[in-house]
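Working notes for the structure below.
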Amino acid sequence: MASTNALPPTGTGLVVSFGEMLIDFVPTVSGVSLAEAPGFLKAPGGAPANVAIAVARLGGKAAFVGKLGDDEFGHMLAAILKENDVRSDGINFDQGARTALAFVTLRADGEREFMFYRNPSADMLLTPEDLNLELIRSAKVFHYGSISLIVEPCRSAHLKAMEVAREAGCLLSYDPNLRLPLWPSPEEARQQILSIWEKADLIKVSDVELEFLTGSDKIDDESALSLWHPNLKLLLVTLGEHGSRYYTKNFHGSVDAFHVNTVDTTGAGDSFVGALLCKIVDDQSILEDEARLREVLKFANACGAITTTKKGAIPALPTEADALNLIKEA
């Protein structure tokens, strides 16, 4: 077994993350419904923003592209990106719409309940004209989700950004990050998420998303490979406490999880993605070298695990030293 010394260095190439950043309001006590919660703490969130901060926390270079409300919350989120060394020259502020809010609760059965305030929120109003195309063209990796596909004009901005990134030779990284309450229907969600499937070089789905997209309750190789497309370089399925599975043209396998005391799973998948991207941004040949890819995925699993040990996504994102310590102790 290769030692952790085989872990590739964090790259200096730019990872641009596109999409939504919002504020999650999380109850001060867990195991209650939103109605029963006595109070709420505000936690910055939004998967693409979490990924950008995850990359920067690990010593990589990251930028966020999206739209925030020209309000106190929007400026607070922009400040959080800057504090975390994420480039903010891709951020726009909307004068007329508010920054998105989500009330999130962990019910007694461990499931998350979401209630979103977006009617419309600023992130939905990003237009193709708003995009900082120079920033996108300077990226080595362009990462995105599917929430930005739900409504216009943001959908057109998303498609334009992807096209510009592709023409500039970026690696396209896609984590659908399914949030069913935001879509008009499950059918529409499935159709739109899959509408850009074949454009991505790298796709990460959770076990729940795999079931949703395939319509199968089996989480096996056959089910995962039904999502394969000919231009894909890497397909990842994250399995929570059961680690992750990887599929490429030439090989596939699984990497075990690290066992930790889980408090809150928010942001674990984003941490995993950020860790992977910062390690492959300068050297995509890792995607074709199983031994090196496994080292990177072990590191990504460690980053994801650490993120579950604290409440909230951003405060819980690890440094490289944190992840290496967990790997060493395991």
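In what follows, every heavy atom counts, from backbone to side chain, and hydrogens, waters and symmetry copies are set aside.
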Quiz prompt | Within-4.5 Å side-chain heavy-atom neighbours: Val55 and Val141 | solution = no

Quiz item: With a cutoff of under 4.5 Å between side-chain heavy atoms, which Ile, Leu, Val, Met, Phe, Trp and Tyr residues group with Leu68?
Solution: Met21, Ile23, Phe25, Leu34, Phe40, Ile53, Phe64, Phe73, Met76, Leu77, Ile80, Leu81, Val86, Ile91, Phe93, Leu101, Phe103, Met115, Tyr117, Ile314, Leu317

Self-check item: Spacing of Lys298 atom NZ and Leu293 atom CG [to the nearest 0.5 Å]
Solution: 12.5 Å

Self-check item: Tyr246/Glu290 under side chain to side chain contact (heavy atoms under 4.5 Å, CB included): CA gap, chis, key distance, verdict
Solution: CA-CA 10 Å; Tyr246 58 88; Glu290 188 167 11; 2.5 Å; yes

Quiz item: For Gly267, does its backbone N or O pair with a side-chain atom of Ser271 as donor and acceptor, under 3.5 Å?
Solution: no

Quiz item: What pair of heavy atoms forms the shortest contact from Asn50 to Pro44, and how long is it?
Solution: OD1-O, 4.5 Å

Self-check item: Minimum heavy-atom distance Ala139-Cys170, with the two atoms named
Solution: O-SG, 3.2 Å

Quiz item: Roughly how far, to the nearest 0.5 Å, is the CZ atom of Phe272 from the CG atom of Leu277?
Solution: 9.5 Å

Practice problem: Answer yes if Ile150 and Leu125 sit in the same cluster of Ile, Leu, Val, Met, Phe, Trp and Tyr residues linked by side chain heavy atoms under 4.5 Å apart, and no otherwise. | Solution: no

Self-check item: Carboxylate-amine/guanidinium contact Glu134 Arg137, below 4.0 Å
Solution: yes

Quiz item: Does the side chain of Leu276 reach to within under 4.5 Å of the side chain of Val296, using non-hydrogen atoms?
Solution: yes

Quiz item: Would you say the side-chain atoms of Thr307 pair up with the backbone N or O of Cys303, donor to acceptor, closer than 3.5 Å?
Solution: yes

Quiz item: Do Leu180 and Val208 share a hydrophobic cluster, counting only Ile, Leu, Val, Met, Phe, Trp and Tyr and linking them when any side-chain heavy atoms are less than 4.5 Å apart?
Solution: no

Practice problem: Quick one: closest heavy-atom pair of His252 and Asp221, and the distance? | Solution: NE2-OD2, 3.4 Å

Practice problem: Go through the steps to decide whether Lys61 and Thr12 satisfy the test side chain to side chain contact (heavy atoms under 4.5 Å, CB included), and finish with yes or no. | Solution: CA-CA 6 Å; Lys61 289 207 171 92; Thr12 57; 4.1 Å; yes

Quiz item: To the nearest 0.5 Å, how far apart are OG1 in Thr319 and CG in Leu324?
Solution: 8.5 Å

Self-check item: Test item: Leu171 and Ile280 side chains (from C-beta on) under 4.5 Å apart, heavy atoms
Solution: yes

Quiz item: With distance as the sole test, does Glu209 use its side chain to make a donor-acceptor pair with the main-chain N or O of Ser206 at under 3.5 Å?
Solution: yes

Quiz item: If you look at every heavy atom in Pro318 and Leu58, which pair is closest and at what distance?
Solution: O-CD2, 3.5 Å

Quiz item: Are Leu227 and Ile219 connected in a single hydrophobic cluster, I mean Ile/Leu/Val/Met/Phe/Trp/Tyr linked by side-chain heavy atoms less than 4.5 Å apart?
Solution: yes

Self-check item: Spacing of Cys154 atom SG and Ile147 atom CD1 [to the nearest 0.5 Å]
Solution: 10.0 Å

Quiz prompt | ring-ring contact (aromatic ring centres under 6.0 Å, His included) involving Tyr144 - partner list, sequence neighbours excluded | solution = Phe142, His158, Tyr174

Quiz item: Hey, which of Asp24, Thr105, Val104, Leu182 is the one that makes side-chain contact (heavy atoms from CB on, under 4.5 Å) with Phe114?
Solution: Val104

Quiz item: Taking atom CD of Glu152 and atom OG1 of Thr127, what is their separation to the nearest 0.5 Å?
Solution: 10.5 Å

Quiz item: Between Thr248 and Asn250, does any side-chain donor sit less than 3.5 Å from a side-chain acceptor?
Solution: no

Quiz prompt | Residue pairs passing the side-chain hydrogen bond (donor to acceptor under 3.5 Å, both in side chains) test where at least one lies in residues 79-97, sequence neighbours excluded | solution = Arg57-Asn84, Lys67-Asp94, Asp70-Gln95, Arg87-Asp89

Quiz item: Is the number of heavy atoms from other residues, nucleotides or ligands within 6.0 Å of CZ (Arg98) greater than 12?
Solution: no

Quiz prompt | Other residues, nucleotides, ligands: >12 heavy atoms within 6.0 Å of Glu241 CD | solution = no

Self-check item: Student check: side-chain heavy atoms of Pro38 and Val29 closer than 4.5 Å
Solution: yes

Exercise. Go through the steps to decide whether Asp175 and Val51 satisfy the test side chain to side chain contact (heavy atoms under 4.5 Å, CB included), and finish with yes or no.
Key: CA-CA 10 Å; Asp175 176 357; Val51 169; 5.8 Å; no

Exercise. Find the distance between NZ (Lys279) and CG (Leu297) and round it off to the nearest 0.5 Å.
Key: 12.5 Å

Quiz item: Is any side-chain heavy atom of Val151 less than 4.5 Å from a side-chain heavy atom of Pro120?
Solution: no

Quiz item: Is it true that a side-chain atom of Ser33 and a backbone atom of Glu36 form a donor plus acceptor pair closer than 3.5 Å?
Solution: yes

Exercise. Determine whether more than 12 heavy atoms belonging to other residues, nucleotides or ligands lie under 6.0 Å from atom NZ of Lys42.
Key: no

Quiz prompt | Beyond-backbone contact of Asn132 with Val65, side-chain heavy atoms, under 4.5 angstrom | solution = no

Quiz prompt | Pair Leu14-Lys140, side chain to side chain contact (heavy atoms under 4.5 Å, CB included): steps then yes or no | solution = CA-CA 5 Å; Leu14 181 66; Lys140 287 276 187 293; 5.8 Å; no

Quiz item: Ignoring hydrogens and geometry, is there a side-chain-to-backbone donor-acceptor pair from Ser223 to Asp220 under 3.5 Å?
Solution: no

Quiz prompt | Non-hydrogen side-chain atoms of Ile327 and Phe258 separated by less than 4.5 Å | solution = yes

Quiz item: Closest heavy-atom contact between Ala97 and Asp71?
Solution: O-OD2, 4.3 Å

Quiz item: Can Asp201 and Arg166 be counted as an ion pair, charged N to O under 4.0 angstrom?
Solution: yes

Quiz item: Crowded around Asn231 CG? As in, over 12 foreign heavy atoms under 6.0 Å?
Solution: yes

Exercise. Decide whether Ser148 and Asp123 meet the rule of one side-chain donor and one side-chain acceptor closer than 3.5 Å.
Key: no

Quiz item: Cluster question for you: counting only ILVMFWY and a side-chain heavy-atom cut-off of under 4.5 Å, with indirect links fine, are Leu194 and Leu202 together?
Solution: no

Quiz prompt | Closest approach of Thr99 to Ser121 (non-hydrogen atoms, all atoms of both residues) | solution = C-CB, 4.3 Å

Practice problem: Keeping the roles fixed (side chain from Glu20, backbone from Pro48), state whether a donor-acceptor pair exists under 3.5 Å. | Solution: no

Practice problem: Flag the pair Asp264 and Lys311 as a salt bridge only when some basic side-chain nitrogen lies within less than 4.0 angstrom of an acidic carboxylate oxygen. | Solution: no

Quiz item: Would you call Phe18 and Leu131 a side-chain contact if the rule is heavy atoms closer than 4.5 Å?
Solution: yes

Quiz item: Should the heavy atoms of other residues, nucleotides or ligands under 6.0 Å from CG of Asn325 be counted, would the total exceed 12?
Solution: yes

Quiz prompt | Joint hydrophobic cluster, Ile196 plus Ile136, side-chain heavy atoms closer than 4.5 Å | solution = yes

